[in-house]
K.L.:
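Before I ask anything, here is the structure I am working with.
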Amino acid sequence: MPAELIVRGVSLDFPLYHSSARSLKRTVFSRVSGRINNDSHHRVVVSALRDIDFSLGSGDRLGLIGGNGAGKTTLLRTLAGIYEPLVGTVTVRGSLNALLDANLGMNPDLTGRENIMLRGLYNGLARPAIRRLEDDVCEFADLDDFIDLPVRIYSTGMVVRLGFALATAIRPQVLLMDEWILAGDAVFMEKARLRLEDMVRGAEILVLSSHAEHIVTAWCTRVIWLDKGRVQADGPAADIMDLYMGRTPAPAGDAAPQPGLAPAA
């Protein structure tokens, strides 16, 4: 069955609890950004996402752009099933994998090699397949002797390499990816780009959140620009990046050009 990702009218709120300093910061941010509301239970909430609506089919590559706090990672986590929408639906047809956190699914007290074995067992692989997975991840991550040391002593870059290698070794039909991958060095970034593009060429869906224009335009055919949890613009990657970077004036009367249509000059 071809992969599909369908998002219909998705909205998401986060309740605020004023007893913590972290929540106070979120409250201040929300008041400034105009995203603070009260829900039906009279709780103070932050409107994280509002009226998100799009669909992707096999072969589509979608980039999510926007400033810090725009809702990119929240949307990715909602697509992955980590957050449940307040209203609306997310429908995924096909296997899904999410690169949202370099440590996702890894036990820091185990070695890199042991984490590879656990990932293989979790995915139901037989021992010969787990051995092939181990060879693939070790070669790609290029951690040398560190592969047999506990993950908790790894640098951030080493965790990123291991996490990316693990997440992309078992290929899903739908891949969600946050910008933490950009923490890699230049050599690793080139390897990651080639590996990920190879996955996408296999008729899979990619949803990528990034601030890096060259990554978005190289990997994505469509871009959604989020601002304060809402879709500001949606269309071909080059057109929306030009709009976002201020190289193209905003279209008169409609800030959200549809996929396949260039924004008006």
Side-chain angles (χ1 to χ4, degrees), residues 3-7 10 33-35 48-80 90 98-100 160 164 168 174-186 188-265:
E4 275 190 301
L5 178 58
I6 303 170
V7 180
V10 164
S33 63
R35 294 166 69 182
L49 298 173
R50 275 294 175 268
D51 305 318
I52 307 297
D53 198 283
F54 64 88
S55 61
L56 302 172
S58 183
D60 286 339
R61 296 191 281 180
L62 174 68
L64 301 177
I65 62 172
N68 292 330
K72 303 184 300 298
T73 298
T74 300
L75 178 55
L76 283 178
R77 289 178 176 269
T78 303
L79 300 181
V90 174
L99 284 73
L100 306 182
V160 166
F164 182 86
T168 56
V174 180
L175 177 64
L176 311 178
M177 188 168 127
D178 207 350
E179 59 190 349
W180 61 261
I181 187 60
L182 302 177
D185 56 42
F188 174 73
M189 279 295 300
E190 179 65 14
K191 290 173 61 178
R193 181 183 66 81
L194 294 173
R195 187 174 175 103
L196 186 57
E197 287 186 347
D198 184 58
M199 292 178 67
V200 176
R201 279 194 294 267
E204 309 299 342
I205 293 172
L206 169 70
V207 182
L208 165 69
S209 165
S210 177
H211 288 286
E213 180 180 2
H214 68 285
I215 294 292
V216 173
T217 54
W219 289 358
C220 303
T221 56
R222 176 180 172 186
V223 164
I224 289 178
W225 170 11
L226 292 173
D227 182 49
K228 299 179 182 178
R230 294 180 181 270
V231 175
Q232 181 75 11
D234 178 359
D239 295 337
I240 302 304
M241 286 305 306
D242 282 345
L243 191 62
Y244 178 65
M245 300 299 293
R247 294 188 291 261
T248 301
D254 187 358
Q258 296 301 308
L261 298 176

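Sequence positions, counted from 1, serve as the residue numbers for this chain. The figures that follow rest on heavy atoms only: side chains count, while hydrogens, waters and symmetry mates do not.
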K.L.:
Would you say the side chain of Gln232 lies within less than 4.5 Å of the side chain of Ile240, judging by non-hydrogen atoms?
P.N.:
no

K.L.:
Are any side-chain N or O atoms of Lys72 and backbone N or O atoms of Gly66, one a donor and one an acceptor, separated by less than 3.5 Å?
P.N.:
yes

K.L.:
So, using side chain to side chain donor-acceptor pair (under 3.5 Å) as the criterion, who are the partners of Thr74 when residues are at least two apart?
P.N.:
none

K.L.:
Are any side-chain N or O atoms of Asp60 and backbone N or O atoms of Gly57, one a donor and one an acceptor, separated by less than 3.5 Å?
P.N.:
yes

K.L.:
Going by side chain to side chain donor-acceptor pair (under 3.5 Å), name the residues that satisfy it together with Thr78, two or more places apart in sequence or in a different chain.
P.N.:
none

K.L.:
Distance check, rounded to the nearest 0.5 Å: Ile52 atom CD1 versus Leu226 atom CG?
P.N.:
5.5 Å

K.L.:
Looking only at heavy atoms, which two atoms of Cys220 and Leu208 are closest? And how far apart?
P.N.:
SG-CD2, 4.1 Å

K.L.:
Rounded at 0.5 Å granularity, tell me how far OG1 in Thr248 sits from CG in Asp242.
P.N.:
4.0 Å

K.L.:
What are the two closest non-hydrogen atoms of Leu243 and Ala233, and how far apart are they?
P.N.:
CD2-CB, 3.8 Å

K.L.:
Look up atom OG1 in Thr221 and atom CG in Leu62, then write down how far apart they are to the nearest 0.5 Å.
P.N.:
8.0 Å

K.L.:
With a 3.5 Å distance limit and no angle check, can you tell me whether Lys228 reaches the backbone of Gly71 through a side-chain donor-acceptor pair?
P.N.:
no

K.L.:
Working to the nearest 0.5 angstrom, can you tell me the gap between Thr168 OG1 and Arg195 CZ?
P.N.:
3.5 Å

K.L.:
Kindly write out the residues that satisfy salt bridge (charged side-chain N to carboxylate O under 4.0 Å, His left out) with Arg230, not counting sequence neighbours, or none if the list is empty.
P.N.:
Asp51

K.L.:
Taking atom CG of Leu76 and atom CE of Met177, what is their separation to the nearest 0.5 Å?
P.N.:
10.0 Å

K.L.:
How far does CG of Leu79 sit from CD1 of Ile6, to the nearest 0.5 angstrom?
P.N.:
12.0 Å

K.L.:
Dump the intermediate steps for side-chain contact (heavy atoms from CB on, under 4.5 Å) on Leu176 and Ile205, then the final yes or no.
P.N.:
CA-CA 8 Å; Leu176 311 178; Ile205 293 172; over 6 Å; no

K.L.:
Mind checking what makes ring pair (Phe, Tyr, Trp, His ring centres under 6.0 Å) contact with Phe54, not counting sequence neighbours?
P.N.:
none

K.L.:
Leu49 versus Leu75: any side-chain heavy-atom pair under 4.5 Å?
P.N.:
yes

K.L.:
Identify, with sequence neighbours excluded, every residue that meets side chain to side chain contact (heavy atoms under 4.5 Å, CB included) alongside Thr73.
P.N.:
Arg77, Asp178

K.L.:
Any salt bridge (charged side-chain N to carboxylate O under 4.0 Å, His left out) pairs touching residues 212-221, not counting sequence neighbours?
P.N.:
Glu213-Arg247

